[in-house]
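Accompanying notes for the structure given below.
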4 protein chains.
Amino acid sequence: MAGVNKVILLGNLGADPEVKHLEGDKVVANLRLATTESYKDRSGNRVENTEWHDLELWDGQARVAEQYLKKGSQIYVEGKIKSDTWQDDQGNNRKRTKIRVQSFTMLGSRNSGADNAQGGGQSMPAQNSNPNTGMSSNTSPAYDSGDNDADDLPF
Amino acid sequence: MAGVNKVILLGNLGADPEVKHLEGDKVVANLRLATTESYKDRSGNRVENTEWHDLELWDGQARVAEQYLKKGSQIYVEGKIKSDTWQDDQGNNRKRTKIRVQSFTMLGSRNSGADNAQGGGQSMPAQNSNPNTGMSSNTSPAYDSGDNDADDLPF
Amino acid sequence: MAGVNKVILLGNLGADPEVKHLEGDKVVANLRLATTESYKDRSGNRVENTEWHDLELWDGQARVAEQYLKKGSQIYVEGKIKSDTWQDDQGNNRKRTKIRVQSFTMLGSRNSGADNAQGGGQSMPAQNSNPNTGMSSNTSPAYDSGDNDADDLPF
Amino acid sequence: MAGVNKVILLGNLGADPEVKHLEGDKVVANLRLATTESYKDRSGNRVENTEWHDLELWDGQARVAEQYLKKGSQIYVEGKIKSDTWQDDQGNNRKRTKIRVQSFTMLGSRNSGADNAQGGGQSMPAQNSNPNTGMSSNTSPAYDSGDNDADDLPF
DNA sequence: TTTT
DNA sequence: TTTT
């Protein structure tokens, strides 16, 4: 039966992307994403709780991540849960869970990455400050991979 | 910064719920949920891919799960990713990821396993095996826990 | 700035799909989907609240909808909100909101309404009753359109 | 049957919140939210498409919105679709769709409008620039309303 | 280990 | 290890 396996995350990168260029033009990027929830406990003290997620991006998305994301970047992510299972040396069953990213959007996490001048004097969100290559619009695009890992960069 | 950590799953239980009644009226239920995606590979053959998820429910939700869910039940789930980390005997860092369920809805996996033909004593569940009086009301309720683990059964 | 506009619905069709075959091989299907929430009011009475959604599907998805969905079908939908605005005869600004479907999955609303084939006394969800072309597996596939309205049927 | 009716939006406010304080301590805020998607058409030109959403928040959330949001604010929203239907003067059936907000999170839309702190004409997001009233943590909280419209401010 |  |  057809199921649904969907993950939505919004958080910040704990480190620069780790990118591997594989044979055959394949590229994979691994990101560490922190999602922090904050609430008040019964004593009224604000408590923070951070969950760390391992993200995996392929090809076109991996290239965008490599180019524009870095430690501290704030992103919105859609993906799905994928786990690897194997046996370790002791013969124990092991499992590791990661998020296979299907699309992501860079948010304004303030010089997210780049040492890039906030560019022009534009007034609006300045979502991201990527050197958006001479576009009058400095939108922050979303990067979508069909499930087919579109290889082309979106701009 | 406030983040988002949201999981949406729709699938079937691989086994009956495992429920533990703890001291202080706390209850926890663990479920194994399969989400299956199916697609055609480039040769045109249909391929199925199943991901298994460990779900954790508390208190009111755990009680509902205990009472109405069983192996084969089809449910829709919203929750968040939570991982436990620890060191194993060899001193290796270990991590285990599960889904903390925030709400779930029973779908029509119609007497999913159950011998519960329209019948039993329960008033509700099982989407469309309810003695639904052929009526406008054939509801299958959703079980929501605030993040506060409401202890009361929803009906 | 790159935004997010995402809708997730799970409900039942209020009527058979309305399908229009346009020139140039384009097809559009309009569906009426009911999502019902049910809760107890403060008096402890169960209350039902139904919201009706206008769904729009194109091309490949529209064809699948035409072929397999009907009044009563239970589906899971992902899409986005799209509204049309215009001026009516009196010069008033008008707005109509619909859901542009990006993917959907047929759930087991077991001969949902239909006097549909598969007939017999099958015990299970009958997920969908598609004559799934000689596959041993008659899984209920999800229909995904990139945003590109893939024209091909998924099986 | 229990359905799902969920909306996820991430965008910017087109105007300051419109807030009405009603009798009995009830408060309602209406927001106009823009979600922009940007893509390249087949000629390779980047195209922007903006959808405007009418959001409705109640009580605690409305108060937070009144205090911290303004034109330009970037927020992440979870809610559900709700439509009002009525007959107009000509006896035509009319329908208006809005998003009933269940939770929202302020993102860094960088002095989103505000002349708030963080001083001058700083260029970037500044995640939240709310005068977070003497908290050691000045995280950007998420505002959640059970469906019960919690009346209390979250901090 | 589910479901189709 | 992020962010505020």
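Everything quoted here is computed from the prediction, not taken from an experiment. In what follows, chains carry the letters A, B, and so on, assigned in the order in which the sequence lines appear, proteins first and then strands, with residues in each chain numbered from 1.
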Rounding to a whole Å, what distance do you find between [X]:[atom1] and [N]:[atom2]?
{"X": "L107(A)", "N": "dT3(F)", "atom1": "CG", "atom2": "P", "value": "14 Å"}
{"X": "R46(A)", "N": "dT3(F)", "atom1": "CZ", "atom2": "P", "value": "19 Å"}
{"X": "N30(A)", "N": "dT2(F)", "atom1": "CG", "atom2": "C1'", "value": "17 Å"}
{"X": "L10(B)", "N": "dT2(E)", "atom1": "CG", "atom2": "P", "value": "18 Å"}
{"X": "M106(D)", "N": "dT3(F)", "atom1": "CE", "atom2": "P", "value": "19 Å"}
{"X": "E37(B)", "N": "dT2(E)", "atom1": "CD", "atom2": "P", "value": "19 Å"}
{"X": "K71(B)", "N": "dT2(E)", "atom1": "NZ", "atom2": "P", "value": "5 Å"}
{"X": "K70(B)", "N": "dT2(E)", "atom1": "NZ", "atom2": "P", "value": "15 Å"}

Task: side-chain contact (heavy atoms from CB on, under 4.5 Å) between L57(A) and F104(A), intermediate numbers included - done: CA-CA 10 Å; L57(A) 299 78; F104(A) 74 91; 3.5 Å; yes
TODO: Would you please name every residue forming a side chain to side chain donor-acceptor pair (under 3.5 Å) with D54(B), sequence neighbours left out?
DONE: R32(B)
TODO: Can you sort out the partners of T50(A) under side chain to side chain donor-acceptor pair (under 3.5 Å), two or more places apart, ordered by chain and number?
DONE: T36(A)
- [ ] State which of dT4(E), dT2(E), dT2(F) makes the closest approach to the side chain of N12(B).
- [x] dT2(E)
- [ ] Would you mind telling me which of dT2(F), dT2(E), dT4(F) lies closest to the side-chain atoms of W52(B)?
- [x] dT2(E)
TODO: I would like to know whether L10(A) and T35(A) meet side-chain contact (heavy atoms from CB on, under 4.5 Å); could you show each step before the answer?
DONE: CA-CA 6 Å; L10(A) 195 163; T35(A) 56; 5.9 Å; no
